[in-house]
Enquirer: 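Input: one structure, supplied below.
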Amino acid sequence: MGKIALIGAAGQIGTPLSLLCKASDLFDEISLYDIVHVPGIATDLMHIDTKAKVSGYLPDNGGLKKALAGADIVVVTAGIARKPGMTRDDLFKTNASIIRDIFSEIASTCPNAISCVVTNPVNSTVPVAAETLEKAGVFEPRRLFGVTTLDVVRASTFAAHALGGNIEPKQLRVPVIGGHSGATILPLYSQAQPVVHLSDEQLALVINRVQFGGDEIVKSKQGAGSATTCMAYAGFRFVKALMSAQSGQSVTEEAYVYLPGIPGGDKLAVELGVDYFAVKVQIGTKGATKVLPIGDLSGNEKKLLEAALCELKTNIATGVSFMRV
Ligand code: LMR
């Protein structure tokens with residue numbers, strides 16, 4: 001129970017996410033914020049027979065502050081999406097300042113909320129969010145997550161496809177570590193449960209498909225944007241995990257976090273040479289409680305990890321330096 005604030009709710013991820021939240025009956029209150037349309041979306045959602053009260057706020061008259069006030073969970077999907085020919089990094093110029101401004105308001109209005117960043121490029125926007133909170137003196141790494149759940153969803157879905165439908169995607173558990181773009185996305189099929197039997201060639205194709213799954217959608221939408229409904233699905237899966245944790249259940253999910261601020265993360269940050277990394281975390285009532293070890297990697301995964309770290313370091317530096325100039 002409690003309040004969730006969806007920032008960017010008129011977008012093509014935000015709106016289906018708001019529907020999933022309203023339909024779930026997990027919340028007492030849902031607030032929607034965007035630069036257009038959200039009062040109407042809120043009215044529309046209020047015709048659904050679940051208990052959550054939905055309100056929509058536009059930027060005028062302190063709308064962002066009102067949307068965030070009292071929020072237990074904030075999900076940020078605001079910002080522009082990719083078009084063909086663009087990488088997620090190309091979005092940084094526009095989305096970095098959007099994230100900075102939203103997190104400045106989070107810092108002053110609901111610093112104790114758990115914040116989830118969906119806005120791309122996640123590898124860089126999460127450092128922008130963290131630096132903004134840090135500047136305001138309220139950064140608590142346990143409460144800030146970059147949402148990488150779509151990579152986890154794709155890792156099991158695409159392997160199930162490759163296995164010819166002999167297994168339900170949801171029966172497969174594949175850890176995905178690293179970041180949320182291209183080579184930084186590292187699905188660990190050597191740790192899949194149950195064991196995945198694919199040839200080296202099939203495995204290479206599946207790994208590539210997970211790493212570049214976003215591009216598959218951008219291409220298929222032919223200029224109309226990038227992943228929206230599957231991202232809303234994945235974002236909601238992460239929100240559900242947070243809500244289960246709040247109700248006292250033991251929950252683990254992968255997310256992109258600031259390692260040094262979470263128990264178990266300091267050592268991993270030193271080992272990997274990066275402060276931000278997507279990894280399986282244990283989640284409790286107040287956010288991440290523990291970073292879980294990444295476990296044994298195959299020879300190929302070790303090579304892919306090197307490539308992931310190389311790109312990730314640049315992405316992190318981009319986010320951090322945006323805030324430190
Ligand atoms: C995705 O993984 O599909 C999203 O991050 C959207 C994108 O730009 O690829």
Side-chain angles (χ1 to χ4, degrees), residues 6-17 20 75-96 98-99 102 115-129 144-159 161 169 174-188 205-239 253-257 276-279 304 307-308 311-312 314-316 318-319:
L6 303 176
I7 309 303
Q12 290 186 55
I13 299 171
T15 302
L17 180 59
L20 292 169
V75 183
V76 182
T77 56
I80 58 162
R82 284 201 290 161
K83 297 250 159 45
M86 289 170 86
T87 65
R88 288 186 188 79
D89 284 348
D90 295 329
L91 305 175
F92 185 75
K93 232 171 143 200
T94 306
N95 289 352
I98 294 175
I99 289 295
I102 290 167
S115 298
C116 309
V117 180
V118 173
T119 304
N120 271 317
V122 165
N123 293 357
S124 308
T125 50
V126 172
V128 170
L144 177 65
F145 297 99
V147 179
T148 57
T149 321
L150 182 52
D151 304 318
V152 179
V153 169
R154 283 177 172 143
S156 52
T157 305
F158 297 163
H161 291 175
V174 185
V176 183
I177 61 169
H180 178 65
S181 84
T184 70
I185 301 169
L186 178 47
L188 300 178
L205 285 173
V206 173
I207 292 172
N208 186 271
R209 193 168 173 213
V210 175
Q211 292 185 319
F212 297 95
D215 300 63
E216 185 177 309
I217 296 178
V218 170
K219 198 165 160 222
S220 178
K221 288 196 172 174
Q222 300 183 333
S226 57
T228 51
T229 41
C230 64
M231 183 58 96
Y233 170 87
F236 182 66
R237 170 172 147 171
F238 191 72
V239 165
E253 276 288 338
E254 278 89 350
Y256 184 68
V257 294
Y276 295 88
F277 198 70
V279 66
L304 293 173
E311 201 169 307
L312 198 50
T314 310
N315 297 161
I316 295 167
T318 301

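No hydrogens, no waters, no symmetry mates; every other heavy atom, side chains included, goes into these values. Whatever order the structure lists them in is the order used to number ligands and atoms, beginning at 1. Note that this is a predicted model, so its numbers are computed, not measured.
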Enquirer: Scan side-chain atoms only and decide if Thr318 and Asp89 contain a donor-acceptor pair under the 3.5 Å cut-off.
Expert: no
Enquirer: Please write down residue, atom name and distance for the protein heavy atom closest to atom 8 (O) of ligand 1.
Expert: Arg82 NE, 2.7 Å
Enquirer: From the options Asp90, Asn120, Ile217, select the one whose nearest heavy atom is closest to atom 6 (C) of ligand 1.
Expert: Asn120
Enquirer: Indicate yes or no: at least one non-hydrogen side-chain atom of Arg82 is less than 4.5 angstrom from one of Asp215.
Expert: yes
Enquirer: Quick one: side-chain hydrogen bond (donor to acceptor under 3.5 Å, both in side chains) partners of Thr94, sequence neighbours excluded?
Expert: none
Enquirer: Are Ile185 and Val210 close enough that some pair of their side-chain heavy atoms sits under 4.5 Å apart?
Expert: yes
Enquirer: With heavy atoms only and a cut-off of under 4.0 Å, state how Val122 meets ligand 1: side chain, backbone, both or neither.
Expert: neither
Enquirer: Which residue from Glu216, Arg154, His180 reaches closest to atom 3 (O) of ligand 1 through any of its heavy atoms?
Expert: Arg154
Enquirer: Using heavy-atom distances, let me know which of Met86, Lys83, Arg88 sits nearest atom 1 (C) of ligand 1.
Expert: Arg88
Enquirer: Mark up the atoms of ligand 1 that fall under 4.0 Å of a heavy atom belonging to Met231, in ascending order.
Expert: 4 (C), 5 (O)
Enquirer: Report yes if some N/O of Asp151 lies less than 3.5 Å from some N/O of ligand 1; otherwise report no.
Expert: no
Enquirer: Using 0.5 Å steps for rounding, measure from the CZ atom of Phe277 to the OH atom of Tyr256.
Expert: 9.5 Å
Enquirer: Under the salt bridge (Lys or Arg N to Asp or Glu O under 4.0 Å) rule, collect the residues that match up with Glu311, sequence neighbours excluded.
Expert: none
Enquirer: Run the numbers for me: atoms of ligand 1, each under 4.0 Å from some heavy atom of Ser226, listed by number.
Expert: 6 (C), 7 (C), 8 (O)
